[in-house]
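Have a look at the structure below before the remarks.
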Protein chains: 2
Amino acid sequence: MLVWYICPMVAPPKIKHSKRRDEILRMAAQLFKEKGFAASTMRVLADRVGLEAASLYNHIRSKEDILAAICFGMAERYDAMMADLQREDISPIEQIKRLISNHIDLALQYPNETIVMDSEWSHMQREDRQRYRALISRYESQIINMLNTGMDNGSIALAHPRILMYSMLSSLKWLGAWYHPKREIPKEEINKTIQDLIIMGISQ
Amino acid sequence: MLVWYICPMVAPPKIKHSKRRDEILRMAAQLFKEKGFAASTMRVLADRVGLEAASLYNHIRSKEDILAAICFGMAERYDAMMADLQREDISPIEQIKRLISNHIDLALQYPNETIVMDSEWSHMQREDRQRYRALISRYESQIINMLNTGMDNGSIALAHPRILMYSMLSSLKWLGAWYHPKREIPKEEINKTIQDLIIMGISQ
DNA sequence: CCTACCGATCGGTAGG
DNA sequence: CCTACCGATCGGTAGG
């Protein structure tokens, strides 16, 4: 594992991408969201996928391997989104606006994975957990930089940027926890309401 | 249990309040916060309290009993705080301001219990879980009523009140997750920053 | 409050 | 991908 991470040319032992593996990860995200990682069992997961528990191990290395795949998969999506955002030449306020709607898009497209990533990451083993936390810290720093730039040019009111960042992110993270695509509020209204709330809240 | 809830005069079987029980609940809140409910074991809890696992059962009925005691204990505190707030004759904006600072006070006074209540409640058994959800729903409705009153009298900008309520609560809930009393931001700055953010965000 | 212990269930492996 | 199974550990009880 260590060798594989340091030298990505060496493939991890025997496990590859496959439709089956993707299906296992998708069902696992749903299960982990419902019960939490620790209370989810491989037997229940296997049942939902339509396999025996032992057969899962042809597609995944361990229970923690599934969690890591979900968390890092989502972290990469958020990371790519942030990289795109940074490449655009727009004002900090406009950056924050787009960040909000991109977050909502991802949270609604991957509701289970987003919740698992945010609330189950601590169950990864030490090495993965530290690597994951480093990614998240970098992401949070990029948001703080946006806020600081806006405070410097006077478009954002002076305030503790870390508190603003956490307030913003927590409002967005919990979308997936209460949003039910069928019978609830349309995405556009969510986007407008949260954007207005946050932008009004931070504007100078 | 059902009888006890309907008719509180009948005491629940044999377990009473005691210093020891309070200590177990306090250590359990810390453990559940660290590992989550499902990944916390009675043996580790017993170890932290300084007992054998079997001895815990002289003070609590079951693992779920501990979780329920923590969740309902906190729910009562939030409920009492809300009742006090409703009794005061102040404007909706002023109510929301006080609600925010009361939330921050409770989150900083009971950081472990607040996180456990918010993120582990779903591990209670059916009956307790439903009773707990009813309490929370009522609490959320009271906040929505505040917001609606403010929108009616023109002091709060028109927006979907449920989204505002969830955004507000999630900003506050996650305080305990990243606030470290020693080396971080003073409470007053947190209070001011979050109050400004939310009040500016919702004001007309 | 402890020693001793139980049935159930867990993640995972062997071997085909 | 399944049958068969393992060692470990879980929440909880009996009895003192």
Side-chain angles (χ1 to χ4, degrees), chain A residues 1 12-32 34-71 116 120 122-129, chain B residues 1 12-32 34-71 116 120 122-129:
Chain A
M1 188 60 185
K14 74 186 164 172
I15 311 266
K16 305 192 173 190
H17 286 277
S18 71
K19 292 271 171 204
R20 197 56 128 175
R21 183 178 156 93
D22 289 343
E23 194 197 352
I24 291 172
L25 295 181
R26 231 183 48 243
M27 298 305 280
Q30 192 179 352
L31 182 61
F32 293 173
E34 287 172 26
K35 315 259 187 196
F37 175 76
S40 298
T41 73
M42 298 304 275
R43 281 158 178 83
V44 169
L45 175 58
D47 218 57
R48 293 196 182 185
V49 178
L51 294 176
E52 291 302 314
S55 305
L56 290 172
Y57 292 86
N58 291 306
H59 305 281
I60 53 103
R61 266 163 301 195
S62 66
K63 193 185 174 191
E64 268 114 350
D65 179 41
I66 300 177
L67 180 60
I70 293 171
C71 291
V116 169
E120 305 298 330
S122 62
H123 291 98
M124 282 188 282
Q125 22 216 36
R126 226 179 68 104
E127 196 186 328
D128 283 337
R129 202 172 59 236
Chain B
M1 190 56 187
K14 75 185 167 175
I15 310 264
K16 306 191 175 194
H17 286 277
S18 71
K19 292 271 172 208
R20 195 56 128 175
R21 182 177 155 93
D22 288 343
E23 194 197 353
I24 291 172
L25 296 182
R26 232 183 47 244
M27 297 305 280
Q30 192 180 352
L31 182 61
F32 292 173
E34 287 173 26
K35 315 260 187 196
F37 175 76
S40 299
T41 73
M42 298 304 276
R43 281 157 178 83
V44 169
L45 175 58
D47 218 58
R48 293 196 182 185
V49 178
L51 294 176
E52 290 303 314
S55 305
L56 291 173
Y57 292 87
N58 292 305
H59 305 281
I60 54 103
R61 268 163 300 194
S62 66
K63 194 186 174 191
E64 268 113 351
D65 180 41
I66 300 178
L67 179 62
I70 293 170
C71 291
V116 168
E120 304 297 330
S122 62
H123 291 98
M124 283 189 280
Q125 21 216 37
R126 226 179 67 106
E127 197 187 327
D128 283 338
R129 201 172 59 235

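Numbers restart at 1 for each chain; the letters A, B, ... are given by sequence-line order, proteins then strands.
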Is it true that a side-chain atom of [X] and a backbone atom of [Y] form a donor plus acceptor pair closer than 3.5 Å?
X         : Y        : answer
Arg43(A)  : Ala53(A) : no
His123(A) : Lys35(B) : yes
Glu120(B) : Phe37(B) : yes

Is any side-chain N or O of Arg20(B) closer than 4.0 Å to OP1 or OP2 of dC1(C)?
-> yes
Please state how far atom [atom1] in [X] lies from atom [atom2] in [N], giving the value in whole angstrom units.
X        : N       : atom1 : atom2 : value
Ile60(B) : dT13(D) : CD1   : C1'   : 13 Å
Asn58(A) : dT13(C) : CG    : C1'   : 11 Å
Lys63(A) : dG11(C) : NZ    : C1'   : 8 Å
Arg43(A) : dC6(D)  : CZ    : C1'   : 11 Å
Glu23(B) : dC1(C)  : CD    : C1'   : 14 Å
Asp47(B) : dC1(C)  : CG    : P     : 15 Å
Met42(B) : dC2(C)  : CE    : P     : 14 Å
Lys35(A) : dC10(C) : NZ    : P     : 11 Å

To the nearest 0.5 Å, what is the distance between CG (Leu45(B)) and CZ (Arg48(B))?
-> 8.5 Å
Distance from Ile60(A) atom CD1 to Leu67(A) atom CG, nearest 0.5 Å?
-> 11.5 Å
Ignoring the backbone of [X], work out which of [options] is nearest its side chain.
X        : options                  : answer
Ala54(A) : dC1(C), dG11(C), dA14(C) : dA14(C)
Tyr57(B) : dG11(D), dC1(D), dC2(C)  : dG11(D)
Ser62(A) : dG12(C), dC2(D), dG12(D) : dG12(C)

For Ser62(A) and Tyr57(A), which heavy atoms make the closest approach, and how far apart are they?
-> CA-CE2, 4.1 Å
Could you check Glu23(B) against Arg26(B) for salt bridge (Lys or Arg N to Asp or Glu O under 4.0 Å), going step by step and ending with a plain yes or no?
-> CA-CA 5 Å; Glu23(B) 194 197 353; Arg26(B) 232 183 47 244; 5.4 Å; no
In dot-bracket, 5' to 3', how would DNA chain D read with Watson-Crick or G-U wobble pairs under 3.5 Å, [ ] for crossing ones and | for pairs to another strand?
-> ||||||||||||||||
If each of Phe37(B) and Ala53(A) is mapped to the nucleotide of DNA chain D with the nearest heavy atom, which maps nearer the 5' terminus, i.e. the 5' end?
-> Ala53(A)
What nucleic acid atoms does Leu56(A) come within less than 4.0 Å of, heavy atoms only: base, sugar-phosphate, or nothing?
-> nothing
